[in-house]
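Reviewing the structure listed below.
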Amino acid sequence: MIVHEDSLGSEGAAGHRPSGRSSGRAPRPFGIDGAVTWASARGLGFAAGVAVLAGAAVAGAPRAGTPITGAAWLAGVAALLLAVFPQVRRSSVACVVAVSAGSVSLAVTVLNDASANNTAGLWWLAELAVSCVTLRLAVRRTPGRAAALGGTVMAAAITALPLRLTLHADPPATTRGAVLGCVLCGVGAALTAATALYPRLLDARRARAVAEARRAQRLDLARDLHDFVAHDVSGMIVQAQAAQIGADPEVARAALRRIEDAGTRAMASLDRTVHMLHEDDGPRRPHGLDDLTGLTERFAESCDARVRLVVDVRDPPHEVSATAYRLVVEALTNVRRHAPDATAVDIAVTEVAVTEVAVTEVAVTEAPGPAVRVRVTDDGHGRRHGRRRARLRLPGLGGHGLGGLAERVGALGGEFAAGPADGGGWQVTALLPLHPRVRSRS
């Protein structure tokens, strides 16, 4: 037998129903022809850029010197490769490209002994610019080791570039001027690398946060699945035991029908969790206070206890509603497993306005601000006497149990307690703030 006492009525129950949303987003078309066209365009652009750089290098070689224009040309090709082709940036080729450009630049700086003229100075400026571009792309986009090695070599080449002018100028620059030029270029290389490294670190941090969020979501779904399926499976076990004991065929057939219904609900929970793991399907409505009536009715059908349900909460947040439902599920599952002799189960989900926290061994009495109080009390004794009764997390079929729910309640800023009730039996009580807040618990 089940007694419902819902002070909200149909209007209040409707307040719990979240509005459905449709993304309305059509999948983006993608075809092989489009991919080939885009890759061809990038290849043609790269070839055109290399040809232009080669023509400029050949034209400037007579006055600036082939080593000068060749080093600038190679730095420009490296920048084009890293900028145009993402597959190059994501592979070890990026390291080879950056190290080659930087090494050639360093070799030209050290070994070239031609005098520096105005044309060589222009090519020096061009090489400095494209080397900074290559450095930034190497640090920002390439894999970790390629970024470290290629970035180091390119930064060293940029820092040494002023020596081409200061060592071979006419008249030669002083040692102080040469050192000052290298320091300025080194600072510029460091700033370039820093502007690339900072967003790279942000991307890495964001990727870790996304991975941690996905892992937490999967763990949460796994806990929900285990708790809900365990509730239905425990009911199936009870009904199967009753069918074996009873001699009446009608009683056995009724028990088999209830086993079938519980199995169907367990499969529905499995399907629900699988659908929630598919991002393209959109968010699914979690179990909440609206589902308590059906939950308690099914529980009452599987036992002889009188079940009394009281719900008096108006439009709670989704996370509060889902947590309250899970608390009731776990409490009823423990009643079925550990107190089969219970004759009465009282479930009260009410909104309270309180001012202070007072937690006892049995129940939470108050918490700051408006909150939802969930209280499940039974008069059974059964197998929960002794040490097992004092534990929050029940082993065996209990799964994550009340211990996991206590952690979830604490994460919402609430309080949780479970223990013997006054006058016998067992009581589970939780207080969930209507405005959940993250709390660090010592």
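Atom CG in Leu149 sits 12.0 Å away from atom CE in Met154 (nearest 0.5 Å). We find the CZ-CG distance between Arg375 and Leu327 to be 13.0 Å, quoted to the nearest 0.5 Å. Rounded to the nearest 0.5 angstrom, Ile158 CD1 and Leu106 CG are separated by 10.0 Å. Atom CG in Asp378 sits 9.0 Å away from atom CG in Leu332 (nearest 0.5 Å). With values rounded to the nearest 0.5 angstrom, Glu127 atom CD is found 5.0 Å from Leu161 atom CG. Here the SG-CZ distance, from Cys95 to Arg89, works out to 16.0 Å after rounding to the nearest 0.5 Å.
Between Glu212 and Arg215 the shortest side-chain heavy-atom distance does not fall below 4.5 Å. Residues Asn334 and Trp426 fail the side-chain proximity criterion, which asks for heavy atoms closer than 4.5 Å. Phe85 places none of its side-chain heavy atoms less than 4.5 Å from the side chain of Leu80. No side-chain heavy atom of Thr323 sits under 4.5 Å from any side-chain heavy atom of Val374. Trp73 has its side chain within reach of Val50: a pair of non-hydrogen atoms, C-beta onward, lies under 4.5 Å apart. The closest side-chain heavy-atom distance from Arg90 to Pro86 is below 4.5 Å. Taking the side chain as every heavy atom from C-beta outward, Pro162 and Leu184 never approach each other to under 4.5 Å.
Nearest heavy-atom pair, Gly150 versus Val99, reported as atom, atom and distance to 0.1 Å: CA-CG2, 4.0 Å. Nearest heavy-atom pair, Ala194 versus Pro199, reported as atom, atom and distance to 0.1 Å: O-CD, 4.5 Å. The two residues Ala75 and Val130 have their closest heavy-atom pair at CB-CG2, 3.6 Å. Closest non-hydrogen pair, Val320 versus Leu432, comes out as O-CD1, 3.7 Å. Heavy-atom minimum distance, Ser105 versus Ala71: CA-CB, 4.5 Å. Minimum interatomic distance between Val409 and Ala430 (heavy atoms only, all atoms of both residues): CG2-CB, 4.4 Å.
For Ala148, there are no side chain to side chain contact (heavy atoms under 4.5 Å, CB included) partners two or more places apart in sequence or in a different chain.
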Inset, instruction - Show your reasoning for whether side-chain contact (heavy atoms from CB on, under 4.5 Å) applies to Leu82 and Val133. - result: CA-CA 9 Å; Leu82 297 179; Val133 172; over 6 Å; no

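Remark: the backbone N or O of Thr192 is paired with a side-chain donor or acceptor of Thr195 at under 3.5 angstrom. The main-chain N or O of Leu289 is found under 3.5 Å from a side-chain atom of Ser321 such that the two form a donor-acceptor pair.
Under the 3.5 Å distance criterion, with hydrogens and angles disregarded, no donor-acceptor pair is assigned to the side chains of Asp346 and Thr377.
Identified under the side chain to side chain donor-acceptor pair (under 3.5 Å) test for residues 137-147, with sequence neighbours left out: Arg140-Asp203.
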